[in-house]
Engineer: 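Structure provided below as structure tokens; questions to follow.
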Amino acid sequence: MKRDMRHTLTRYPFTAIVGQEEMKLALLLNLVNPKIGGVLIRGEKGTAKSTAIRALEVLANGLAESNRSGQSYEYRLVELPLGTTEDRLVGTIDIQKAIREGERAVQYGLLKEADGNILYVDEVNLLDDNLVDLILDAAAMGVNTIEREGISESHPSRFLLVGSMNPEEGELRPQLIDRFGLVVDVTGESDPDLRVEIMMRRIAYEDDPVVFCEAYQSAEEELREKILNARELLTQVVLSRREIEITARLCCELEVDGHRGDLTLLKTAMTLCAYRGDTRMRYEDLETAARLALTHRRRRDPFDPSSFDWEELQRILRELYEMVQ
């Protein structure tokens with residue numbers, strides 16, 4: 001039975017968002033390949049973080065209608081409200097049923113609701129660390145376990161995880177940031193022409209959301225087709241020993257903690273390759289993937305500058321690409 005999507009029909013279209021190309025790319029890559037591990041978007045207020053994430057739901061739902069493989073890719077956006085308790089997130093005992101019927105039963109939480117959907121955690125840095133751990137564990141394992149008063153029940157909890165935060169309101173612990181597949185930093189546009197375009201589009205949208213959304217319907221359909229093509233190509237992307245060795249050496253040179261970064265970089269590069277319609281990776285795929293997957297994972301001393309040296313990463317990667325054959 002098709003879910004009523006009337007409440008999303010006039011959301012701001014994903015393809016109408018001006019600029020913020022890296023943020024949009026990170027979201028789309030996770031839509032192509034959820035195994036990347038989700039994305040955390042960091043940035044000041046008013047940089048289209050929430051707009052892009054909510055627009056992603058409408059874009060993703062259109063994939064269910066144009067799907068060519070017989071599988072369902074329909075997503076719903078499940079938002080985690082501030083003040084969520086562990087019981088509301090994970091699940092607990094159904095007290096009403098216990099009182100009414102005298103038997104113990106499980107009341108499922110948001111992690112059950114998120115299964116097969118997009119889980120959006122806004123202001124993730126303001127969430128209790130324990131709750132963030134539970135969300136990230138479920139995202140990594142694809143399973144949530146409810147253990148309450150003698151009841152133990154597990155259920156699937158596979159979702160596309162998207163978090164957003166404003167660093168001015170506090171940082172997220174490095175151990176937690178590392179658990180997000182990709183991290184993107186966004187700022188307001190500095191190009192006056194782009195800022196003009198942002199205002200013009202927003203005014204047009206607020207004047208008549210229906211007409212505005214209809215104007216971008218063709219662009220949305222083209223983007224859905226590109227996502228579906230990428231999903232099909234992803235299984236055909238050739239991963240050579242060379243790309244694996246370059247990835248390993250790059251992570252060593254950058255002193256990346258653990259091995260999650262290596263694997264995420266490779267998955268992201270393969271997805272980028274498929275997204276541009278190819279099955280053989282290029283230097284550009286590894287370069288873009290490294291920016292998205294490694295900039296938040298590099299080991300740093302407490303007194304090191306917080307900004308990432310992108311030029312250094314490019315230099316090291318170019319040297320490795322020429323050296324490793």
Engineer: Do M323 and Y283 belong together in a cluster built from hydrophobic side chains that touch within less than 4.5 Å?
Structural biologist: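 Yes; Y283 is reachable from M323 via cluster members.
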Engineer: Taking all atoms of both residues into account, what is the closest heavy-atom pair of L266 and E243, and its distance?
Structural biologist: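 Looking at all heavy atoms of both residues, the closest pair is CD2-O, 4.0 Å.
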Engineer: Does the side chain of V184 reach to within under 4.5 Å of the side chain of R42, using non-hydrogen atoms?
Structural biologist: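 Sidechains of R42 and V184: no contact.
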Engineer: At their closest point, which heavy atom of I316 faces which heavy atom of L250, and how far apart are they?
Structural biologist: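 Looking at all heavy atoms of both residues, the closest pair is CG2-CD1, 3.8 Å.
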Engineer: Would you check if Y120 and L56 make a side-chain contact, meaning some heavy-atom pair closer than 4.5 Å?
Structural biologist: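 Answer no - side chains too far apart.
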Engineer: Given the rule in the side chain to side chain contact (heavy atoms under 4.5 Å, CB included) test, do L160 and L119 qualify, once you have shown the distances and angles that lead to the verdict?
Structural biologist: CA-CA 6 Å; L160 194 168; L119 180 60; over 6 Å; no
Engineer: Between E189 and Q20 (side chain of the first, backbone of the second, donor and acceptor by atom type, cut-off under 3.5 Å), is there such a pair?
Structural biologist: yes
Engineer: Indicate yes or no: at least one non-hydrogen side-chain atom of L313 is less than 4.5 angstrom from one of R291.
Structural biologist: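 Side-chain contact under 4.5 Å: no.
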Engineer: Say you draw a straight line from CG of L28 to CE of M23; how long is it, rounded to the nearest 0.5 Å?
Structural biologist: 10.0 Å
Engineer: Would you call K45-E168 a salt bridge at under 4.0 Å N-O?
Structural biologist: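 No, no charged N to carboxylate O under 4.0 Å.
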Engineer: Looking only at side-chain N and O atoms, does D122 offer a donor or acceptor that is under 3.5 Å from a partner on S164?
Structural biologist: yes
Engineer: Are R76 and E113 ion-paired here, with the side-chain N under 4.0 Å from a carboxylate O?
Structural biologist: yes
Engineer: Distance check, rounded to the nearest 0.5 Å: L182 atom CG versus K267 atom NZ?
Structural biologist: 11.0 Å
Engineer: Kindly compute the distance separating CZ (R241) from CD1 (I246), expressed to the nearest 0.5 Å.
Structural biologist: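 CD1 of I246 is found 11.5 Å from CZ of R241.
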Engineer: Does a side-chain heavy-atom distance below 4.5 Å link E86 with L134?
Structural biologist: yes
Engineer: Taking NZ, NE, NH1 and NH2 as the nitrogens, is one of them in E21 or K24 under 4.0 Å from a carboxylate oxygen of the other?
Structural biologist: yes
Engineer: Might you point out which heavy atoms bring L31 and R231 nearest each other, and give the distance in Å?
Structural biologist: O-NH2, 2.8 Å
Engineer: For the pair K226 and E222, find out whether any cationic side-chain nitrogen is under 4.0 Å from an anionic carboxylate oxygen.
Structural biologist: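 E222 and K226: not salt-bridged.
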Engineer: Salt bridge between R202 and E206, side-chain N to carboxylate O under 4.0 Å?
Structural biologist: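 Between E206 and R202 there is a salt bridge, with a charged N closer than 4.0 Å to a carboxylate O.
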Engineer: Mind listing the closest non-hydrogen atom pair of A269 and A289 along with its distance?
Structural biologist: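 Looks like N-CB, 3.6 Å.
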Engineer: May I ask you to check whether Y216 and F14 place their ring centers less than 6.0 Å from one another?
Structural biologist: no
Engineer: Check this for me, if you would: do E319 and R315 make a salt bridge, where the nitrogen-to-carboxylate-oxygen distance has to be below 4.0 angstrom?
Structural biologist: yes
Engineer: Could you check if a side-chain atom of P167 sits within less than 4.5 angstrom of a side-chain atom of E171, using non-hydrogen atoms only?
Structural biologist: yes
Engineer: For atom CZ of R280, is the number of surrounding heavy atoms from other residues, nucleotides or ligands below 6.0 Å larger than 12?
Structural biologist: no
Engineer: Checking the side chain of E287 only, and the main-chain atoms of Q314 only, is there a donor and an acceptor separated by less than 3.5 Å?
Structural biologist: no
Engineer: Look at the side chain of T47 and the backbone N and O of G43, then say whether any donor-acceptor pair between them is shorter than 3.5 Å.
Structural biologist: no
Engineer: So, applying side-chain contact (heavy atoms from CB on, under 4.5 Å) with L89, which one of N144, N130, I135 is it?
Structural biologist: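 When side-chain contact (heavy atoms from CB on, under 4.5 Å) is applied between L89 and each of N144, N130, I135, only I135 qualifies.
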Engineer: Check whether any side-chain N or O of T295 sits under 3.5 Å from a backbone N or O of L292 as a donor-acceptor pair, and report yes or no.
Structural biologist: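 Here the side-chain-to-backbone pair does not exist.
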Engineer: Taking the side chain as C-beta and beyond, is there a heavy-atom pair between F159 and L161 under 4.5 Å?
Structural biologist: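 With C-beta onward as the side chain, the pair touches.
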Engineer: Taking the side chain from R179 and the backbone from A139, do they hold a donor-acceptor pair closer than 3.5 Å?
Structural biologist: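 A pair under 3.5 Å: no.
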Engineer: Does C213 reach the side chain of Y205, with side-chain heavy atoms less than 4.5 Å apart?
Structural biologist: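 The answer is yes, as the side chains (C-beta and beyond) meet within the 4.5 Å cut-off.
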Engineer: With D285 as reference, evaluate D278, L272, L265, T271 under the side-chain contact (heavy atoms from CB on, under 4.5 Å) test and give the passing residue.
Structural biologist: L272
Engineer: With no hydrogens and no angle check, just 3.5 Å: does a side-chain donor-acceptor pair link N166 and E123?
Structural biologist: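 No.
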Engineer: Please test E225 against N229 for side chain to side chain contact (heavy atoms under 4.5 Å, CB included), starting from the C-alpha separation and ending with a verdict.
Structural biologist: CA-CA 6 Å; E225 188 69 18; N229 286 333; 4.0 Å; yes
Engineer: Do side-chain atoms of N30 reach the backbone of A26 as a donor and acceptor pair under 3.5 angstrom?
Structural biologist: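 Yes.
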Engineer: Run the side chain to side chain contact (heavy atoms under 4.5 Å, CB included) test on I53 and I41 for me, step by step, so that the C-alpha distance in whole Å, both residues' side-chain angles and the decisive distance to 0.1 Å come before the verdict.
Structural biologist: CA-CA 10 Å; I53 294 164; I41 304 169; 4.0 Å; yes
Engineer: Between H155 and I146, does the side chain to side chain contact (heavy atoms under 4.5 Å, CB included) criterion hold? Intermediate values first, please.
Structural biologist: CA-CA 8 Å; H155 63 78; I146 305 166; 4.0 Å; yes
Engineer: Once you round to the nearest 0.5 Å, how far does CD1 of I227 lie from OH of Y275?
Structural biologist: 6.0 Å
Engineer: Rounded to the nearest 0.5 Å, what separation is found between the CG atom of D185 and the NE2 atom of H296?
Structural biologist: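 These two atoms lie 10.0 Å from each other.
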Engineer: Would a single hydrophobic cluster contain both L82 and V121, if residues Ile, Leu, Val, Met, Phe, Trp and Tyr are joined by side-chain heavy-atom contacts under 4.5 Å?
Structural biologist: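 Unlinked, V121 and L82 end up in two clusters.
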Engineer: Checking R224 side chain against A60 main chain: does a donor-acceptor pair fall under 3.5 Å?
Structural biologist: no
Engineer: For the side chain of T279 and the backbone of V238, is there at least one donor-acceptor N/O pair under 3.5 Å apart?
Structural biologist: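 Absent.
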Engineer: The test is salt bridge (charged side-chain N to carboxylate O under 4.0 Å, His left out); show your working for R54 and E79 and say whether it passes.
Structural biologist: CA-CA 10 Å; R54 294 192 172 98; E79 298 192 43; 2.8 Å; yes
Engineer: Treating T264 as the side-chain partner and G261 as the backbone partner, does any N or O pair qualify as donor plus acceptor under 3.5 Å?
Structural biologist: no
Engineer: Between R11 and E57, does any NZ, NE, NH1 or NH2 come within less than 4.0 Å of an OD or OE carboxylate oxygen?
Structural biologist: yes
Engineer: Is a side-chain N or O of K112 found less than 3.5 angstrom from the main chain of S157, in a donor-acceptor match?
Structural biologist: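 Side chain of K112 to backbone of S157, a donor-acceptor pair under 3.5 Å: no, none is there.
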Engineer: With a 4.5 Å cut-off on side-chain heavy atoms, are F180 and V39 touching?
Structural biologist: no
Engineer: Kindly give the heavy-atom pair with the smallest separation between A138 and L111, and that separation in Å.
Structural biologist: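 Distance-wise, the nearest heavy atoms are CB-CD1, 4.1 Å.
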Engineer: Starting at CG of N33, measure out to CE of M270 and round the result to the nearest 0.5 Å.
Structural biologist: 8.5 Å
Engineer: Cluster question for you: counting only ILVMFWY and a side-chain heavy-atom cut-off of under 4.5 Å, with indirect links fine, are V78 and L136 together?
Structural biologist: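 Yes, V78 and L136 fall within the same hydrophobic cluster.
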Engineer: Between L29 and L263, is there a shared hydrophobic cluster once you connect ILVMFWY residues whose side-chain heavy atoms come closer than 4.5 Å?
Structural biologist: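 No, L29 and L263 fall in different hydrophobic clusters.
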Engineer: Identify the heavy atoms of R201 and T15 that sit nearest to each other, and give their distance.
Structural biologist: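 Where R201 meets T15 most closely, the heavy atoms are NH1-O, 4.1 Å.
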Engineer: Tell me whether L234 shares a hydrophobic cluster with I244, the cluster being built from Ile, Leu, Val, Met, Phe, Trp, Tyr side chains joined at under 4.5 Å.
Structural biologist: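 Yes, same cluster.
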